[in-house]
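Heads up, the thing below is written out as C-alpha cells.
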Number of protein chains: 2
Amino acid sequence: MTLTAQHRTTILEVAREARASKTSVSRYFSEERKRLSPDMQARIAAAACHLGYRPNQMARSLKGGHSGLIGMLVADIRNPFSVAVMHGVEQACREHGLSLMVCNTDNDPAQERERLALLATYRVEGLVINAAGSPDRELQAWVEEGIPLVLLDRELSDVDAEFVGLDNAQAIDLALDHLQAQGYGDLLYLSEPTDQASPRQVRLTCFLQGVAARGLDGEVHCQPLMEHDALQRAIGDFLARSGKRHRALLCANGNATLAAIRALQTLGARLGETGLMGIDELDWCKLITPGITTLAQPTEAIGRSAVACLMALLSDSTTTTLRRHAPELIVRGSTQCPAP
Amino acid sequence: MTLTAQHRTTILEVAREARASKTSVSRYFSEERKRLSPDMQARIAAAACHLGYRPNQMARSLKGGHSGLIGMLVADIRNPFSVAVMHGVEQACREHGLSLMVCNTDNDPAQERERLALLATYRVEGLVINAAGSPDRELQAWVEEGIPLVLLDRELSDVDAEFVGLDNAQAIDLALDHLQAQGYGDLLYLSEPTDQASPRQVRLTCFLQGVAARGLDGEVHCQPLMEHDALQRAIGDFLARSGKRHRALLCANGNATLAAIRALQTLGARLGETGLMGIDELDWCKLITPGITTLAQPTEAIGRSAVACLMALLSDSTTTTLRRHAPELIVRGSTQCPAP
DNA sequence: TTGTATGCGTTATCAT
DNA sequence: ATGATAACGCATACAA
C-alpha cells in the first residue's frame, strides 16, 4: 500500500509550468504583482491555480523575518470573558492580515513559561498577554528584543509594556453609585483572593475607598470560591447581622456572581430584597429571576484595542488607542430594593 | 531614537560562543544530544543559556517538513461547548509535543475557506475541523495530499475523513427514555434549522423515530432561535392544547435550552410541571430553579479523542480510538413530573 | 565524538 | 519586464 504523498507544490514547479522564473512567481504573490506583464500574470495565475499552489509561510518568514503571527496567552480559556476578548483580538488580527496563535495556560505559571518559549520559537511578531503568573523576567527579554507586548486585563508591575482592559476604578464607582442610589447601604464585596491578578487588587482597593468615601458600610470576603461552605457562612452572617441599612452583595467577577447566587438560593434569600450585582455579563444573568444587574465589559472593543495597540508599537506610530475601557451598566431586578 | 533590534540569536552564534560547530548545537537540541561529549554539552548549554537561544521553528520545519503545528477550525468560538472541546484538543496536542493553531470561522463558509488556505500556508500536519459550511472540495484536496483530517461534531458527506463527536442517536434515546420514565408523554422538540449542521439532522431524525417507536406524542419546532416571538407562540400553543399526557420540551443544544427557558418564564410555566431537558451542560443549568436536566457531552474526551485519531493517522497505526462518545445524563428538577 | 557541505522554499539584490 | 543567484536558520548525509 502506498503511503501519503505529503507533497505541496513549490514556487519552482509553478515557475516551470508557467514558463517563468521563481522570481516572477514570487513577485506575483507579493505587492509587486503590477510590475508583471499581463501575459505573465495570466500564465502564473493559471499554473498556480492548476497546481493549487500556496506560498510556504515558513519559508517566507525564514527569509524575511516576517512570520505573520501574533501570539496570545490566555490564562483561562474556559472563561467566557477571555473568549470574548480573544474573539475581538482575532478579528482585528485578520483585518491586519495577521494570524493568531492562542495558547491557554490554565492559570499555571509553569505552563505560561513553556508557552512563552514556544511562541518565541515560532517568531511571533507581537504578543497579547493575559497573564497567569508573573513572567516579568521572561517578558522583559521580549521587550528588549523589540517585540511589542500588550498586557490584557492583568497588569504586571515589572515589565515595560502597555496595558489594555477594563477601567476598574470606574467600574467600582459605577457599581457603588448604583447600589447607593437604589437604597442599599450595607455592602459585602465578594472576590477570589487577590494574589497576582491585578484587576482583583484594584477592584478591591477601589471598593474599600469608595465605600468609605460614600459613608457606606462595607465588608469583604476574599476566599477561593471553591470553598462553598465558607462562602455560604460569610453571606449568612452578613445577612443575619443587625443593622437597619439594606444589604447588597457586589461580586468581583462572573464566577463570584455564580457562587453568590448558589449561596443565596441555598439560604433562601430573595434577590432584590438582598441586592446582588456583579462585574461581567453572562448569558444566564437575564434568566435568573428577577434578573441580575451587571457591569458588562466591552470585550470585543478591548480585544480590538489590544491589537490596535500592538500595531501602533509595530509601526512605531504615535497614535494612541483607548486602553482603559468603560463598563456598561445593565440594570435588572436583583438591585431593585423593595423599600429604598 | 534607536529602533527595535529585532535580533534573535541563531545557531551559528551559539556555535561560535561554545567553540563548536552548528551541527553539534543542532544535535544538542535534537534527540541526538546523548551523542555529544559531556564537555561539549556543557559548553553548548552555557552558551545557549547565556545568549537566550531558541531554535527557529520556521527554519526547522522548512528543512524537515515538520511544522509541529496542528490546525483547528472552530465554527463558533463563543460557544462554550466548542471551547471545552478545544481545551481537550489543546491538552492532547501539548502532550504530543504539538502546537495548536485555532481559527474561528464565525459560522461563515467564506471565512472557513480563507482560514483553510491560511492553515495550508503554515503547513499544519493535521486538521481538526468543526465545519461551518461544506468545504468538501477544499478538504478533499487535503486528503489527497495525505494530510490527516478529523471532523468534529459535524460530519461532511463528501469528504473521506474520520468523525469524532457525540453519539447523537444514543443521546436522543437516553433523553426519550428518561422523559418517558419520568411520566412525560407529549414532547416538543426544539432545534435550530438543520441546514448543514449534521448533528442537528441526526438528532431530529432520531427524535422522530424514537417518539414513534415509544408511542409518544412528538412535535417539532425548527426555527432560528432569534425569532423569539415565533418560539414563544409555538411553546404557548403546545402547552395550551388539549391532551391528558404530561408535556415536556426537549432542546437540541445549549442555545435552544436558553431560549426555551426564557419563553417558559415569560409564559409563566412551572419547570417540572412542564418538563424541560436539554443537550449540553452549562454553568447555569444548576442555578435555574429547580435545576435543568441535561445530557452533558464529554467535551474533554471528545477533544482528546480527535487528536488521538489524528495521531493514529499520522503514524499510520491501526489503533482505533473511540469516535462516538456517550453523553452523561444529569437529572435535576426540571424533569420531576409532579404526577407521573 | 565532531565537523563539512548541501538543500529546504522563499525573497532580496543585483543583473540583463 | 524578467531572471540568476545568494542568503535566511536549520537538519541531515557524509566524512573524518
Which pairs of donor and acceptor atoms, one on a side chain in residues 112-119 of chain A, lie under 3.5 Å apart (sequence neighbours left out)?
residue, atom, partner, partner atom, Å
A:E112, OE1, A:G133, N, 2.9
A:E112, OE2, A:A132, N, 2.7

Donor-acceptor pairs are to be reported for all side-chain atoms of residues 298-307 of chain B against protein atoms at under 3.5 Å, with residues two or more places apart or in another chain.
residue, atom, partner, partner atom, Å
B:E300, OE2, A:R78, NH1, 3.3
B:E300, OE2, B:H87, ND1, 2.6
B:R304, NH2, B:E95, OE1, 2.8
B:R304, NH2, B:E95, OE2, 2.5
B:S305, OG, B:L322, O, 2.5
B:S305, OG, B:H325, NE2, 3.2

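Listed by chain and residue number, B:L151, B:E155, B:R324 satisfy the side chain to side chain contact (heavy atoms under 4.5 Å, CB included) test with B:F163 (two or more places apart in sequence, or in another chain). Applying the side chain to side chain contact (heavy atoms under 4.5 Å, CB included) test to A:S61 and every residue at least two apart in sequence or in another chain returns A:S67, B:M58. Residues satisfying the salt bridge (charged side-chain N to carboxylate O under 4.0 Å, His left out) test with B:R35, not counting sequence neighbours, are B:E32. Not a single side chain to side chain donor-acceptor pair (under 3.5 Å) links B:S198 to another residue, sequence neighbours left out. Applying the salt bridge (charged side-chain N to carboxylate O under 4.0 Å, His left out) rule to A:D39 yields the partners A:R43; only residues at least two apart in sequence or on another chain are considered.
The terminal axes of the helix from C:dT1-D:dA16 to C:dT16-D:dA1, fitted over 5 pairs per end, subtend an angle of 40° to the nearest 10°.
Within residues 16-43 of chain B, the residues approached by DNA chain D to less than 4.0 Å at the level of any non-hydrogen atom are B:K22, B:T23, B:S26, B:R27, in residue-number order.
Atom pair A:L12:CG and D:dT5:C1' shows a separation of 14 Å (rounding to whole Å applied). The distance between atom CE of A:M58 and atom C1' of D:dC10, rounded to the nearest whole Å, is 13 Å.
Side chain of A:D153 to main chain of A:N130: no donor-acceptor pair is present (N/O by atom type, distance under 3.5 Å, no hydrogens or angles).
Pairs engaging residues 18-59 of chain B under the ring-ring contact (aromatic ring centres under 6.0 Å, His included) rule: B:F29-B:Y53 [sequence neighbours left out]. Pairs passing the ring-ring contact (aromatic ring centres under 6.0 Å, His included) check and including a residue from residues 56-85 of chain A, sequence neighbours excluded, do not occur.
Running 5' to 3' along DNA chain C, contacts with non-hydrogen atoms of chain B at under 4.0 Å begin and end at C:dT1 to C:dG9.
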